[in-house]
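Below is one structure; the comments refer to it alone.
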There are 2 protein chains.
Amino acid sequence: MSNANLPILSIVGGTGDLGSGLARSWSSAGYSVILGSRSIERAQDAVSLLKSEGFANVSGDTNAAAAAKSDIVVVAVPFSNYEASLAEIKDPAKGKIVVTAVVPLVPPKVSVVQLPSAGSAALIAQSLLDPSSRVVGAFHNVGSQKLHAGGKADCDVLVFSDDADARNQVITLADAVSNRGVDGGVLANSTAAEALTSVLIAINRKYKVKGAGISISGLT
Amino acid sequence: MSNANLPILSIVGGTGDLGSGLARSWSSAGYSVILGSRSIERAQDAVSLLKSEGFANVSGDTNAAAAAKSDIVVVAVPFSNYEASLAEIKDPAKGKIVVTAVVPLVPPKVSVVQLPSAGSAALIAQSLLDPSSRVVGAFHNVGSQKLHAGGKADCDVLVFSDDADARNQVITLADAVSNRGVDGGVLANSTAAEALTSVLIAINRKYKVKGAGISISGLT
């Protein structure tokens, strides 16, 4: 059952690996989740799969319609589709929290940090979305394997925003899919987590593991 | 007793907080450590303090002379002194491993990521040092409190270099002062750890702790 006290979530790029993994974990935690896609058919196919696996409170729509129906918009698209996706949700995301989980990977060298000239994907969202949208960076370093089983990722999730209330709301969302959300400060700090994704890809390759993540030590 | 099989280490900026902390831990682990400073008197004062506390195999010299006498040069100066320090060691560090622990913090907003136009302090070292120097980025996220007691920091140390042998030698040095060194890939990836330092400063402030660090999860 969905919990009517929880915000309704949309996931732009909800049919992708990270997006569909987050959808499973948030569904398991009682959130209503709307999977967005450029193609409504693909969104509905992804929803049918999730329902067949027992995940409840999931629906599908276009990215723009999913954003319009939700309280919090989560963007989980490949970097190559990022600016087009932000344009699709610019109007429906006005006044809403927009969480970007997008990492500026530049294929083929995805294990090498190659930050965009704007500094980070988070700062690109802030520059392209309406000023009334409250941009948050999070979920950059979440391995999706455990999410796909409907469980929590074995890592901490760093959460960045210039809006303290938005940051706290997303820390709660992070608590539902990982060991815990951790307040990482202002939006500009998202650079660190975005860059870390390439480091974790390098670590996965070097140590022959699948889901290296980060954990913050020294917190009680 | 120092171990003659271990490389001799110099620390440029060895009288600073991180540098003198690393000196204590490496001394405890049996390394010979030469503390470098712009002022030989300050280096010798710092050595006298360490000796009075029981740390052995430590000596002091100017930054250039310390680099000349060592096998591996560790740079641990404030970002404001970084380029001048690199100029001091350029000649004596030819052909040697040079480890930069320097973080590009921009006061007063040290809890905000503000990367240099070159991308990272590590890439600045690579551009200013002689091409025969093998540049490694490491020790960016090490809280110095535990080091000052001669113990190990409760965190992992990410180690970055384009030179695999240099990376492995510095991973061994990291194992001596932290939970473990972790191979983070190429030198360009140092950006992630350098940026993370501002995030950890933000976390220390937000959660009222002193030594937030990072640990890599998912490694066996």
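Here is the naming used below: chain letters follow the sequence lines, and residue numbers restart at 1 for every chain.
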* Top of B:S215, B:S190, B:G218 for chain A proximity - count of heavy-atom pairs under 4.5 angstrom -> B:S215
* Structure fact -> With B:L196 as partner, the option from A:N189, A:I216, A:L158 fulfilling side chain to side chain contact (heavy atoms under 4.5 Å, CB included) is A:L158
* **Contacting region of A:V112 [heavy-atom separation from chain B under 4.5 Å]** => both
* To do: Tell me, out of A:A195, A:A192, A:A202, A:S217, who's got the most heavy-atom pairs with chain B below 4.5 Å.
  => A:S217
* **NZ (A:K146) with more than 12 external heavy atoms under 6.0 Å** => no
* **Heavy atoms of other groups near B:E83 CD, more than 12 under 6.0 Å** => no
* Structure fact -> Counting heavy-atom pairs under 4.5 angstrom with chain B, the leader among A:C155, A:G119, A:A188 is A:A188
* **Contact class of B:L187 relative to chain A, heavy atoms under 4.5 angstrom** => neither
* To do: Give the member of A:S111, A:G213, A:S120, A:A212 that has the highest number of heavy-atom pairs under 4.5 Å with chain B.
  => A:G213
* Asked: So which of A:G184, A:G185, A:A193 has the biggest tally of heavy-atom pairs under 4.5 Å with chain B?
  -> A:G184
* Exam field: side chain B:Y207 to backbone A:D183, donor-acceptor pair closer than 3.5 Å -> yes
* Asked: Based on non-hydrogen pairs under 4.5 Å, which of B:V209, B:N141, B:I203 is most in contact with chain A?
  -> B:I203
* Under 4.5 Å from any heavy atom of chain B - which part of A:V186 -> side chain
* **Atom pair OG1 (B:T191) and CD (A:Q114), whose distance is rounded to the nearest 0.5 Å** => 10.5 Å
* **B:L200 versus chain A, the contacting section by heavy-atom distance below 4.5 Å** => side chain
* Asked: Which of the residues A:T197, A:V182, A:N204, A:N179 is involved in the greatest number of heavy-atom pairs with chain B at under 4.5 angstrom?
  -> A:V182
